[in-house]
Protein chains: 2
Amino acid sequence: MSASRVTIKDVAKLAQVSIATVSNVINGTGRVSTETRRKVERAIGQLDFAPSASARTLKDKQSSLIAVVVPLLEKGRLQDNPFYWHLVRGIEESARGVKLHVILIGIGPDETFSFVREQHLDGLIFVGAFARTEVVESMLRLGVPCVFMDSLVDDPSYYQVVLDDELGGYIGTKHLLSLGHERIALLTGVLLEGGVNYCRWQGYRRALEEAGVPYRPELVYEEPTSSLGGYRAASRIGAKTGGITAVFALSDMTAIGLVKGLHDLGISVPRDISVVGFDDDERARYCIPALTTVRQDIVEKGRTAVRLLTAQLERDPLAERRVTLGVELVPRQSTAPPSR
Amino acid sequence: MSASRVTIKDVAKLAQVSIATVSNVINGTGRVSTETRRKVERAIGQLDFAPSASARTLKDKQSSLIAVVVPLLEKGRLQDNPFYWHLVRGIEESARGVKLHVILIGIGPDETFSFVREQHLDGLIFVGAFARTEVVESMLRLGVPCVFMDSLVDDPSYYQVVLDDELGGYIGTKHLLSLGHERIALLTGVLLEGGVNYCRWQGYRRALEEAGVPYRPELVYEEPTSSLGGYRAASRIGAKTGGITAVFALSDMTAIGLVKGLHDLGISVPRDISVVGFDDDERARYCIPALTTVRQDIVEKGRTAVRLLTAQLERDPLAERRVTLGVELVPRQSTAPPSR
DNA sequence: CTGAAAGCGCTTACAG
DNA sequence: CTGAAAGCGCTTACAG
């Protein structure tokens, strides 16, 4: 019963059949009589046999391994936004459902992606901003199935799961407008054309325009997407004479930092300034005041990515290439009509 | 230059040597003349050769893959505490440094762990509470290196990285005592003997005892470790006549829910009730009021786990089996002397 | 210092 | 329905 090094040979011997037959039973391939099948299954059970993935991979080039590729921060560590955890949770759950294993990989700017071939990865999920770099292109040329999440790729031939970011920017802004705000600042991460923030910014502009409120570039604050970034922005925004009455922060993480920063400056949310976030991660609900935000279903996003990946693995010709997930405004306590 | 299916044979042919020699160059084994080595390296570069991990694993039983094993929630999804993300970040970073890849696995109560043998995993890091179950025992008997984090295992032969939880419970409580609090509630997750919460609870008791404050079991609130658990506890704690003036919550997640719950009941922190958390995750600093908490370095915890794992992989006889990480009180604004 | 050959544990035509 | 055999891409004694 020492399960250490049981191979298909041991099973074959015990069941008194050939290894080919054992293989057929395991994979449900070929034709095997019920009786033989039973014998083999019994032997497998008795020996507690687990087929070697490496031998299998060596033969058929399928590893059942997919990678979640996360950009590294400067210090060589994975992104710190807990957002990623929820994404990964969704991915792991779905992958488990289709017998894929998830390997987590942080990559820097100089990545060679040799691990993809080394490990015979079946597919890749790129999480976060990835432009169409040369490596990625060559990846696609190699035929390794890829799915991009929240990336900057325009190319409709890429598989990607994105959010309706433009709409998100729109409804968040609209909410503030409908409360009566006009001087609405936008607190965003880097604005790269085609990027997530860029789309949200477009939605922001559309809402303003529709409402007949002039767009003022000086109300757009570009800060790192981190709590600290939000915190720091508070002083810049608070110092603004001319009265910003509301801020739309493009992530809950920055929104939370912002609220804290405003609070430390003696500026009360929502009395003096209203704040809208983006994501609706768990923190939003428990903030004081509870954060009004634009909700996205992050776990679902991860699930969808796996679906797009498996569609490729199964060469499903009907598979959609681009799935856009919805957004939803969640009004809570951090927004109110302007005081004056 | 099609990098698709380049094997060691192609390299050998191009470099005009045998595949054995190529293998030796790659692995730095055997004796190879400088000239030959250079030829081979050039060929590898030209062909952009990446050795097949599966072939290698098949031969030498080392996959360079380790698994982070996370318990599943009921819905079949990974734990939702973002705490895990930071752990995983630390693990991924260190693993990358020693050329190991990290696979993420959620397991339910009926797990068979067959994936360990299937994938020839080199090691396992168990994250969260794992008792010494039969599977785990058999895992250890198989000789698969394991490291336990925050687990309930007493056995000194297990490799584990733990926190000085008793001390954490002690200093958190002590802090409140020194501010003048006496009716200090403890908000904890499940109290299992030997578990993380249990140790912290012991520290809590020690601090009380030292201060000559009687321990009152009715002040110990056992709630799920979640923001919602904390939120719900608020009403039970707030309703308490007899005046609880401080609460020590054994995770920031519950502390945050608690503060919110108290706030919704019109109970002000720290004016009416002081609150101490545990973990010091990023949220703590940005809470309103900023949360006083017991800090642990979660990323470092992950790093340490990998160190213990590699020590086993290298059969380092001097390796410590149990590393205890320190804790530190971080006083912020959620604690103050009792109002009366 | 270098190479021929066996073998790791599977799967897959191909015979029978 | 079942089995013998080749082969996936490496590593590792073993000769030379």
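Just the heavy atoms: all of them, side chains too, but no hydrogens, waters or symmetry mates, feed the values below. On a predicted model such as this, the values are computed, not experimentally measured, just so you know. So that the names make sense, note that chain A is the first sequence line, chain B the second, and so on, each numbered from 1.
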Margin query: Classify the ring geometry of A:Tyr84 against B:Trp85: parallel below 30°, tilted from 30° to 60°, perpendicular beyond 60°.
Written below: parallel
Next item on the list: Over 60° means perpendicular and under 30° means parallel, so classify the ring planes of A:Phe148 and A:Phe126, tilted if in between.
Entry: parallel
Separation of atom [atom1] in [X] from atom [atom2] in [N], rounded to whole Å:
X	N	atom1	atom2	value
B:Asn24	D:dC14	CG	P	15 Å
A:Lys9	D:dA5	NZ	C1'	13 Å
A:Gln119	D:dG9	CD	C1'	14 Å
A:Arg37	D:dG3	CZ	P	14 Å
B:Ile8	D:dG7	CD1	C1'	16 Å
A:His120	D:dC8	NE2	P	12 Å
A:Lys61	C:dC10	NZ	P	16 Å
A:Asp60	C:dT11	CG	C1'	7 Å

Next item on the list: Ignoring hydrogens and angles, tell me if any N or O in the side chain of B:Ser94 forms a donor-acceptor pair with the backbone of B:Val306 under 3.5 Å.
Entry: no
Next item on the list: Return yes if some donor-acceptor pair links the side-chain N/O of A:Thr21 with the main-chain N/O of A:Val17 below 3.5 Å, else return no.
Entry: no
Kindly point out which of [options] is positioned nearest to the side chain of [X]?
X	options	answer
B:Ala55	C:dC10, D:dG9, C:dG3	D:dG9
B:Ser33	D:dT11, C:dC1, D:dT12	C:dC1
B:Ser23	C:dT12, D:dT11, C:dA4	D:dT11
B:Pro51	D:dC8, C:dC10, D:dC10	D:dC10
B:Ser52	C:dG3, D:dG9, C:dG9	D:dG9

Next item on the list: Between A:Ile19 and A:Arg31, just flag the one whose closest nucleotide in DNA chain D comes earlier from the 5' side.
Entry: A:Arg31
Next item on the list: Could you grab the distance from atom CG of B:Leu163 to atom CD of B:Gln296, nearest 0.5 Å is fine?
Entry: 4.5 Å
Note to self: By nearest heavy atom, map B:Leu58 and B:Thr36 onto DNA chain C; which one lands nearer the 5' end?
What the structure shows: B:Thr36
Check: Does B:Ser18 or B:Lys59 map to a spot on DNA chain C nearer the 5' end, using the closest nucleotide for each?
Finding: B:Ser18
Check: Can you tell me the Watson-Crick or wobble partner of D:dA13, both distances under 3.5 angstrom?
Finding: none
Check: OP1 or OP2 of D:dG3 less than 4.0 angstrom from a side-chain nitrogen or oxygen of A:Thr21, does that happen here?
Finding: yes
